[in-house]
Amino acid sequence: MNIALFSGSFDPFTIGHADIVKRFLPLFDKIVIGVGYNEHKPSAMLTPDERVQQIAAIYKDEPKVEVEKYSDMTVDFASRVGARYIIKGVRSTKDFEYEREQAEINKLLAPEIETIVLFASPEKAAISSSMVRELKHFGRDISKFLP
């Protein structure tokens, strides 16, 4: 089975994230959306369980998508779920450099796992979880940024 891991904090899961899943879905038998969290860093908007529930609800009718939370290293989680690929979306050169560094370290730790990067759709490139959290903080409507 060709399994990919789409990992992130997803606090919250945006229409940009959903677009990446949609575009990668035809390439894999299964995509595991891994909601990563640090037990020592409080969530700014949603708990890990709330994020898992919300994302799972989005994909309730898509049998190729599973959602799980994890708090260990991404490559270890990828191995546990049988993923041979880590998929990422990048919005900018800053994102690209960060993901490139992560991919290099992951390759050293788990040579059997490849990272594949997909560029954000131009109309969604400005959308980030941190931007959505800030808008919410200031009382703005964030519904158009969420699936």
Side-chain angles (χ1 to χ4, degrees), residues 1-38 41 43-136 141-147:
M1 197 171 204
N2 207 13
I3 301 171
L5 170 62
F6 184 35
S7 63
S9 59
F10 304 122
D11 188 26
F13 189 82
T14 69
I15 59 173
H17 296 127
D19 185 56
I20 294 296
V21 172
K22 176 183 173 186
R23 292 165 57 206
F24 268 123
L25 209 49
L27 304 177
F28 297 99
D29 298 317
K30 178 167 74 170
I31 293 178
V32 176
I33 299 175
V35 176
Y37 69 97
N38 180 336
K41 182 180 171 188
S43 172
M45 195 166 147
L46 302 168
T47 68
D49 289 329
E50 289 170 329
R51 288 180 257 164
V52 167
Q53 290 169 356
Q54 287 186 351
I55 299 167
I58 295 165
Y59 295 102
K60 68 182 184 332
D61 296 324
E62 178 49 71
K64 291 174 60 173
V65 174
E66 293 179 9
V67 186
E68 296 184 39
K69 69 178 181 177
Y70 71 100
S71 64
D72 54 339
M73 294 190 71
T74 299
V75 291
D76 294 337
F77 180 66
S79 293
R80 263 197 331 278
V81 298
R84 291 180 34 226
Y85 303 94
I86 294 173
I87 56 176
K88 290 292 188 173
V90 296
R91 298 172 293 120
S92 65
T93 55
K94 180 180 172 184
D95 281 358
F96 179 81
E97 284 302 318
Y98 175 80
E99 296 300 346
R100 182 189 58 78
E101 290 174 3
Q102 292 299 304
E104 289 173 0
I105 296 300
N106 289 342
K107 194 66 172 166
L108 291 171
L109 296 172
E112 70 281 5
I113 298 175
E114 292 290 344
T115 299
I116 302 173
V117 174
L118 190 63
F119 292 99
S121 296
E123 68 277 8
K124 294 178 178 73
I127 301 167
S128 69
S129 293
S130 57
M131 180 268 307
V132 173
R133 287 193 308 268
E134 185 169 351
L135 290 172
K136 182 176 170 50
D141 178 22
I142 59 172
S143 61
K144 66 182 170 186
F145 303 112
L146 304 176

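Note that this is a predicted model, so its numbers are computed, not measured.
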Problem - Chi angles and distances behind the side-chain contact (heavy atoms from CB on, under 4.5 Å) call for Leu146, Val132 - result: CA-CA 9 Å; Leu146 304 176; Val132 173; 4.2 Å; yes
Exercise for the section: Please assess Tyr59 against Ile33 for the test side-chain contact (heavy atoms from CB on, under 4.5 Å), listing each intermediate value before the final yes or no. Expected result: CA-CA 10 Å; Tyr59 295 102; Ile33 299 175; 3.7 Å; yes
Handout entry: Verdict with supporting geometry, Thr47 and Asp49, side chain to side chain donor-acceptor pair (under 3.5 Å)
Key = CA-CA 5 Å; Thr47 68; Asp49 289 329; 5.3 Å; no
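The structure places CG of Asn106 at 4.5 Å from CD1 of Ile86, a figure rounded to the nearest 0.5 Å. Taking CG of Asp19 as the start and CZ of Phe24 as the end, the distance is 11.0 Å to the nearest 0.5 Å. Rounding to the nearest 0.5 angstrom, the gap separating the CZ atom in Phe13 from the CD1 atom in Ile55 is 5.5 Å. To the nearest 0.5 Å, the span separating CD on Glu99 from CD on Glu104 amounts to 12.0 Å. Atom CD1 of Ile20 sits about 4.5 Å away from atom CG of Leu118, to the nearest 0.5 Å. For the atom pair CD1 of Ile31 and CD1 of Ile3, the computed distance is 11.0 Å after rounding to the nearest 0.5 Å.
Residue Ile127 comes nearest to Arg91 through the heavy atom pair O-CD, 3.2 Å, listed as atom of the first residue, atom of the second, then distance. When all heavy atoms of Asn2 and Leu27 are compared, the closest pair comes out as ND2-O, 3.5 Å. Of all heavy-atom pairs between Ile113 and Ser79, the closest is CD1-OG, 3.7 Å. Taking both residues in full, the closest heavy atoms of Ser7 and Lys88 are given as O-NZ, 2.8 Å, listed atom of the first, atom of the second, then distance. Of all the heavy atoms in Ala78 and Leu5, the pair that sits closest is CB-CD2, 3.7 Å. When all heavy atoms of Gly8 and Tyr70 are compared, the closest pair comes out as N-OH, 4.5 Å.
Within the 3.5 Å criterion, the main-chain N or O of Leu46 finds a donor-acceptor partner in the side chain of Arg51. No side-chain donor-acceptor contact under 3.5 Å links Ser9 to the backbone of Gly36. In this structure, Arg23 contributes its side chain and Phe119 its backbone to a donor-acceptor pair below 3.5 Å. The backbone N or O of Gly16 lies less than 3.5 Å from a partner atom in the side chain of Thr14, making a donor-acceptor pair. A distance-only check finds a donor-acceptor pair linking the side chain of Asp11 to the backbone of Met45 [under 3.5 Å]. Side-chain N or O atoms of Lys30 include none that pairs as donor or acceptor with a backbone N or O of Glu66 at under 3.5 Å. In this structure a side-chain-to-backbone donor-acceptor pair under 3.5 Å is present from Ser128 to Met131.
Ring orientation note: the planes of His17 and Phe10 are nearly perpendicular, at an angle over 60° on the 30°/60° scale.
Sorted by first then second residue, the salt bridge (Lys or Arg N to Asp or Glu O under 4.0 Å) pairs that include residues 74-87, not counting sequence neighbours, are Asp72-Arg80.
Using a 4.5 Å cut-off on side-chain heavy atoms (C-beta onward), Tyr37 and Lys69 make contact. Considering only heavy atoms from C-beta on, Leu25 comes within 4.5 Å of Val65 through its side chain.
Proximity of the aromatic rings of Phe28 and Tyr85 is defined here by a centroid distance below 6.0 angstrom, and this criterion is met.
Within a 6.0 Å sphere centred on NZ of Lys136, heavy atoms belonging to other residues, nucleotides or ligands number 12 at most.
Of the charged side-chain nitrogens involved, at least one lies within less than 4.0 Å of a carboxylate oxygen, so that Arg100 and Glu97 count as a salt-bridged pair.
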